[in-house]
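Report on one structure; see the data block that follows.
The figures that follow rest on heavy atoms only: side chains count, while hydrogens, waters and symmetry mates do not. We name chains A, B, ... by the order of the sequence lines, and we start the count at 1 in each one. For clarity, every value in this text was computed on a predicted model and none was experimentally measured.
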Number of protein chains: 2
Amino acid sequence: MTSDTSTTHRSSRTGETWTIAQVAEAFDVTHRTVRHYEDLGLISPERRGTQRVYHRRDRTRLGLILRGKRLGFPLEEIRTIIDLFDAPRGRRTQLEYVLDQIDERRTDLEQRLRDVQDAIAELGEFERRCRDDLGRLDHV
Amino acid sequence: MTSDTSTTHRSSRTGETWTIAQVAEAFDVTHRTVRHYEDLGLISPERRGTQRVYHRRDRTRLGLILRGKRLGFPLEEIRTIIDLFDAPRGRRTQLEYVLDQIDERRTDLEQRLRDVQDAIAELGEFERRCRDDLGRLDHV
DNA sequence: ATAGTGCTTTACGTTTACGTCAACGTCAAG
DNA sequence: CTTGACGTTGACGTAAACGTAAAGCACTAT
């Protein structure tokens, strides 16, 4: 019940693995969320017996997943995207397919870029009008 | 059953109103979607008898809604944002509240801006690697 | 008068993205 | 050896964002 400095090790020896509780806290999501992403095939942590063991690779993926979510992509689409990064690009057909996918993604992202920029600009314009109104109130 | 050039008028006289079918098609959504937004209070078209009549104001709002959606905002949040634009900002307290909200929104949008830019950058880097791989295949 | 076209409400169904138990395993500490 | 602390697998619940009939009104054309 007192101060316990030995809470979050367990991977002190390996130095590169984490438990589900640790990654969940690190990314500020619940363990349920992490398991859900695994159910959908977005991450596949190592199993040591029955326990899940997360490596840096899994953390990288989790970061990509959460960023994708912030951008409003559905999880299924996020899966196809990050799978793309790990896809075997040995044969020419595969590489050309991957490059095609990249182009599609980029088109989508550039639309979102415009959306965000427009929204920020409109917000700025709106703020200016509000500050004008405020100025008039001060002036009187 | 033959060619019918008189399909989409009905507002020819007023020149500034549309039916639900027309706005739905214009924004490439279903009428169900449009009505759903109305149920949530995101738009409130005029009623002429029982029929909905959409004005430019409603189209503007629809545009904002759909852009908000592309950026991954939930509809409820979108409602509070676009309501903000139409809010009565007469009193100082109101104006200060609005300016606060604007700041919150901007912080959020700037995070998304970074997310999109990072994603595009990573995509570019990934494409470069793929093109390298492709070049090596050509070279052999 | 009737049929067709478009709009309306009501209401249940579906998908996505998890939340929330329940019930059980496991490992170290007391 | 029992008690936690943490982990595991189901399995059902839920909120958001619509989809999808079903059934009826209104106007127009034949």
Do the side-chain N or O atoms of B:K69 get closer than 4.0 angstrom to the phosphate oxygens (OP1, OP2) of D:dC18?
-> yes
Whole-Å distance separating the CD1 atom of A:I65 from the P atom of C:dA17 = 11 Å
N/O donor-acceptor pair, side chain B:R32 with base D:dT20, under 3.5 angstrom | yes
Distance, rounded to the nearest Å, where B:R79 contributes CZ and D:dA17 contributes P = 11 Å
Check whether any side-chain N or O of A:R47 sits under 4.0 Å from OP1 or OP2 of D:dT9, and answer yes or no.
-> yes
Distance, rounded to the nearest Å, where A:L62 contributes CG and C:dC18 contributes C1' | 14 Å
Identify the two heavy atoms, one from A:D118 and one from B:R67, that lie closest to each other, and give their separation to 0.1 Å.
-> CB-NH1, 3.5 Å
Please state how far atom NE2 in A:H36 lies from atom C1' in D:dT9, giving the value in whole angstrom units.
-> 16 Å
For the residue pair A:I20 and A:H31, what are the closest heavy atoms and their distance?
-> CD1-O, 3.8 Å
Of all the choices, D:dA17, C:dG19, C:dC18, which nucleotide is nearest to the side chain of A:T30 once you look at every atom?
-> C:dG19
Looking only at side-chain N and O atoms, does B:Y37 come under 4.0 Å of OP1 or OP2 in D:dA17?
-> no
When the distance from NE2 of B:H31 to P of C:dT10 is rounded to whole Å, what number comes out?
-> 15 Å
If we ignore angles and hydrogens, is there a donor and acceptor under 3.5 Å between the side chains of A:R114 and A:Q111?
-> yes
Measure from CD on B:Q51 to P on C:dC7 and round the result to the nearest Å.
-> 7 Å
Nucleotide C:dC7, atom C1' - distance to CD of B:Q22 in whole Å | 12 Å
Rounded to whole Å, CG of A:D39 lies from P of D:dC12 at a distance of 15 Å
Would you say D:dA17 has OP1 or OP2 under 4.0 Å from some side-chain N or O of B:T33?
-> no
Under 4.0 Å between a side-chain N/O of A:T19 and OP1 or OP2 of D:dG7, yes or no?
-> yes
Selected nucleotide, minimal atom distance to A:R52 side chain, candidates C:dT10, D:dG7, D:dT9 | D:dT9
Between A:T50 and A:L40, just flag the one whose closest nucleotide in DNA chain C comes earlier from the 5' side.
-> A:L40
Indicate the atoms forming the closest heavy-atom contact of B:L123 with A:I102, along with that distance.
-> CD2-O, 3.6 Å
C:dA17, D:dT8, C:dT9: which one has an atom nearest the side-chain heavy atoms of A:I20?
-> D:dT8
Closest non-hydrogen atom pair, B:V53 against B:P45 = O-CB, 3.5 Å
